[in-house]
Structures are given as structure tokens and as C-alpha cells.
Amino acid sequence: MNKVGIIGYGITPFTKEDKKIESVLLDSAKELFKNNQKINRDDVDAVLVSTNNNSKYLSPILSEMVGIQPKIAHSIENLCNSGTNSIVSAYSYIASGMADLVLVTGAERYDSPGSILEWDNSRGEYKHPIFWASIFAKSYKREFSISDEQLALVSVKNHKQAKENPNALSNKTYTIEDVMNSKKLTEDLRLLDCSRPCTGSSSIILGSEEKVKELSENPVWITGIGQKTTSAGFTKNTSFSSMESTRQACETALKMSKKNIKNIDVVEIHDAFSVCEPMALESLGFIKEGYGMNMIKELHSTDNFKINPRGGLIGCGHPLGATGIAQTIEITQQLQSNASKRQVDDANIGLIHNMSAAATSSTVLVLEK
Amino acid sequence: MSFEIKLNDGIFCIPECNECKKIVWPPAEFCNHCFGIVSLKEGDFEAKIIEFSSKNEQYFCIVEFEKTFRIIATIFKTPNIGQSVKISKCGISNGNYFFVVI
């Protein structure tokens with residue numbers, strides 16, 4: 001397999017703006033080409049669009065808007081992990097030799113239809129994500145004797161970190177009391193425990209080894225990929241206090257990169273809801289089951305940005321199709337020592353965790369300098 | 001007769017493969033194991049509560065049937081983990097399935 005690296009990226013602030021999806025897509029793609037003027041757009045072999053938006057033919061539309069006539073152009077939808085799925089597809093095109101340069105752009109509007117999986121009728125009338133998240137929270141708290149106040153720290157930490165991210169939806173900090181006093185959505189979930197749907201766009205361009213060496217002075221390589229789908233329906237999860245697809249995806253990604261979890265310096269976690277962060281940390285193998293909040297407390301108290309430096313989904317907002325790409329951009333910036341006040345010391349190896357529909361599917365990527 | 005037609009009439013059925021006898025959930029015409037034809041079992045099925053939470057004082061819970069498949073249902077009284085329940089009401093409303101257990 002050919003080596004695949006990241007050449008450049010473009011990202012714009014996540015907002016609540018009411019804009020056409022085509023304009024949202026263009027925002028970050030335009031930014032990418034402005035920031036990477038050495039890239040000749042005629043050399044882009046493939047344009048992949050990650051979105052849950054129902055608009056048609058978005059990849060050819062984006063290609064036309066940025067003046068590219070690619071060999072390959074199509075959209076990819078896989079709910080919340082559409083972004084990393086698109087990056088995996090781009091990787092595959094390059095690794096197989098079908099393409100040398102692939103643009104991946106993710107975009108979503110605040111009113112994305114991707115928030116609800118209509119097909120999952122086993123959820124009855126409880127199809128909104130707050131219901132699976134409440135079940136996760138209740139189950140996690142019960143199994144490991146964790147309180148609502150303890151879980152609230154995830155939101156406090158991630159909003160604090162998002163404050164250093166100019167592209168984040170949130171620029172406010174909150175206390176545990178603020179989280180506890182925010183609107184109670186269910187018995188186990190408050191408003192500030194949740195990531196918010198928003199309008200946002202992020203673009204990344206991947207290349208073959210030859211292209212990366214030609215076009216990037218500070219290359220970052222994708223060295224590990226793991227994916228796992230255990231089901232589509234939430235009620236088929238074998239556990240509601242851990243993430244089996246995440247565990248398996250991480251195992252595959254680490255094996256491919258010939259690394260172990262202790263080698264990872266900086267991490268993007270899919271914290272769609274506060275309980276997801278400790279659950280994911282445990283399922284990825286950073287800490288044993290039930291101790292995720294101890295790790296989060298320690299990192300927060302020492303202002304260590306190792307987990308979710310950009311502020312996670314809770315702090316940044318969650319434009320579904322753009323999220324996995326934005327997470328990958330953050331890890332790229334970290335490995336390039338280009339993350340400003342969010343910079344984690346000695347970041348050489350990073351990991352991205354992106355998942356869909358209550359962790360029924362997960363993608364894990366390992367990136368290295 | 002399809003699962004949805006029965007459900008719309010307020011009857012909860014368990015879909016089972018005629019060939020391999022596997023419960024096929026979510027309901028489908030064909031078995032996802034052997035592709036055999038699936039038929040519907042009617043009955044007063046018992047389920048166990050696996051987990052629950054509540055919204056606006058209304059409880060919702062995950063219940064498991066025949067140690068095989070699960071649904072999310074409404075329950076009006078305070079639930080307990082492991083509690084045995086039965087479907088008291090079900091149907092389709094605005095395109096969504098709904099289940100109530102007691």
C-alpha cells in the first residue's frame with residue numbers, strides 16, 4: 001500500500017448561520033486553497049463530500065465551484081462519522097494508486113436531517129439522540145457510581161478548551177454549577193451536557209507520499225485506520241456503559257500503526273454528550289473501565305489539553321459531516337506544533353475517535369509526524 | 001400479514017423464521033441468518049427492563065424480549081432494573097412505532 005499523508009486543510013468558524021449547504025461547503029474548500037497555494041487544482045484526482053444534507057450531487061457542485069474536474073467525485077454519508085469515513089475513502093483511493101491527490105470537504109447545516117435515524121424503530125417514539133445518551137448516562141453512572149456533578153466536568157473542561165479555539169461555536173466558560181443548573185432535558189442529561197447542531201465546514205487534502213513531499217513542509221501521515229460497525233440499531237448495543245465498536249476500531253488502528261495506546265500524545269474524542277468522553281477513553285484503552293472521569297479531572301486540574309484540545313463536540317458544536325474532518329485538522333495542527341494556545345507539549349502521535357448513532361459504528365485514525 | 005399492519009392494529013408480534021426458528025429483529029420479510037420466510041408469533045410476551053431514564057416525569061425504558069431483542073418503551077410507574085413487564089399498548093403514530101409496557 002502506498003503511504004498517505006495530509007498536505008493541507010481549511011476550516012471556518014462553526015456558527016448557527018442559515019446558509020445554503022453549497023455555500024457552507026465552499027467556505028472551507030476556498031480557505032484550504034488560499035492557505036496552500038502550491039497545490040495545483042488541476043492535479044486533484046478526487047473530490048469527496050461528507051455530509052448528511054439531502055441536497056444532490058454535492059461533490060460535482062463543489063468541484064465546479066472550486067474549478068476542479070476530478071476523476072472521482074461523490075458524497076459519503078454515515079451519520080456523525082461521515083467525516084472520518086470520507087478520509088478513509090480518500091486514503092483508500094491514494095493507497096491503492098487510483099489517486100494521488102484527494103480533497104475531502106465536510107459540511108452541515110444547523111438543521112441537519114442526520115440527527116435522527118428514522119429507520120431505528122426499535123427506539124419507538126424515542127428517536128432523538130438525547131434518549132440514547134440518557135440511557136448511556138444512567139447506565140454509566142449506575143455501573144461505576146458516578147454522579148451528575150462528576151460528569152458535568154466534561155462540559156466544563158471542553159468549553160474551557162473551546163475558548164482557545166477561534167472556530168468553536170462556544171466561547172464561554174462554565175462552572176459545574178452552570179452545567180448542573182442548565183435546562184434539564186431528561187433525568188440524566190442537561191443542556192450543557194450536549195453538543196449542539198450547527199453550521200460548519202472543514203476541508204482536508206490528502207496525498208500520496210510523492211505529493212506530500214512535494215507540497216508539504218510539515219507533513220503528517222495517516223499510519224493507522226480502524227473501523228467497526230456492530231449494528232445500526234441502538235438497542236443492539238451489547239453494553240450501554242462502554243463502546244464496543246470503538247474498542248474494536250482502536251485495536252485495528254493501533255495494530256496497523258504498530259503503536260500502543262500509551263504512545264498517543266493527543267486525542268480527539270467524539271463527546272457528542274458528556275458521558276461519551278469517559279466511556280470512549282475507557283473503550284479506547286487509555287484507562288480502565290470506570291476511571292475515565294479520574295483521568296478527565298486530572299487533565300482539567302492541570303490545564304492539560306491532551307483530550308479534545310479544540311474543545312470537543314461539546315465546545316465546538318457538531319456539524320455532523322464536518323466534525324470528523326475538523327477533529328483530524330486539530331490533530332494535524334497539534335502534530336505540526338501549530339495549535340496556538342491549545343498546543344499540547346511534545347505531540348508526535350495523535351488519535352482521532354469519531355462515531356455514529358450511539359457508538360453503533362466507530363472510526364479511529366492514528367496520525368504521526 | 002406484516003409486522004407493521006399488526007402493530008398498527010395495536011398487536012405486538014414477534015417475527016420468527018419458519019426455517020431456522022431464529023427471531024428476526026428488526027422485523028423483516030426474510031431471515032437475516034438463512035433467508036427463510038419469516039412469520040409472526042402472537043402472544044402475551046414477557047420482557048425484562050434493562051435500563052431506564054425519564055423525561056418530564058415520564059419514564060422510558062429499554063426492555064428485552066426472550067433474551068434476544070430490545071425496544072424502547074414508555075412505562076408509567078417507576079421502573080426497576082430486571083423487572084418483568086408486558087406490552088400494554090403499541091401502535092404507529094405519525095410514522096413512529098410506540099410501545100407502552102406495564
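Reminder, nothing fancy here: chain letters follow the sequence lines and each chain counts from 1. Since we're looking at a predicted model, the values are computed, not measured.
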In terms of heavy-atom proximity below 4.5 Å to chain A, should [X] be classed as side chain, backbone, both, or neither?
| X | answer |
| --- | --- |
| B:Ile92 | neither |
| B:Phe52 | both |
| B:Thr74 | both |
| B:Glu57 | neither |

### Electrostatic pair A:Lys228-A:Glu251, nearest N-O below 4.0 angstrom
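A:Glu251 and A:Lys228: not salt-bridged.
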### Query
Would A:Phe234 and A:Phe240 count as a close aromatic pair, with their ring centres under 6.0 Å?
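Here the rings of A:Phe240 and A:Phe234 have centres that are less than 6.0 Å from each other.
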### Task
For this output row, return yes or no: ring centroids of B:Phe60 and A:Phe131 closer than 6.0 angstrom.
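Here the rings of A:Phe131 and B:Phe60 have centres that are less than 6.0 Å from each other.
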#### Entry: A:Asn53 and A:Glu108 side chains, donor-acceptor separation under 3.5 Å
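On atom types as modelled, these side chains do not qualify, holding no pair under 3.5 Å.
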### Message
Using a 4.5 angstrom heavy-atom cutoff, name the option from B:Ser53, B:Pro26, B:Cys90 with the most pairs to chain A.
### Response
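Heavy-atom pair counts peak at B:Ser53.
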### Message
Need one label for A:Leu185: side chain, backbone, both or neither, based on atoms under 4.5 Å from any heavy atom in chain B.
### Response
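Contact with chain B: backbone only.
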### Query
Per the salt bridge (Lys or Arg N to Asp or Glu O under 4.0 Å) rule, which among A:Arg190, A:Lys184, A:Lys138 passes with A:Asp148?
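Result: among A:Arg190, A:Lys184, A:Lys138, A:Arg190 is the only option passing the salt bridge (Lys or Arg N to Asp or Glu O under 4.0 Å) with A:Asp148.
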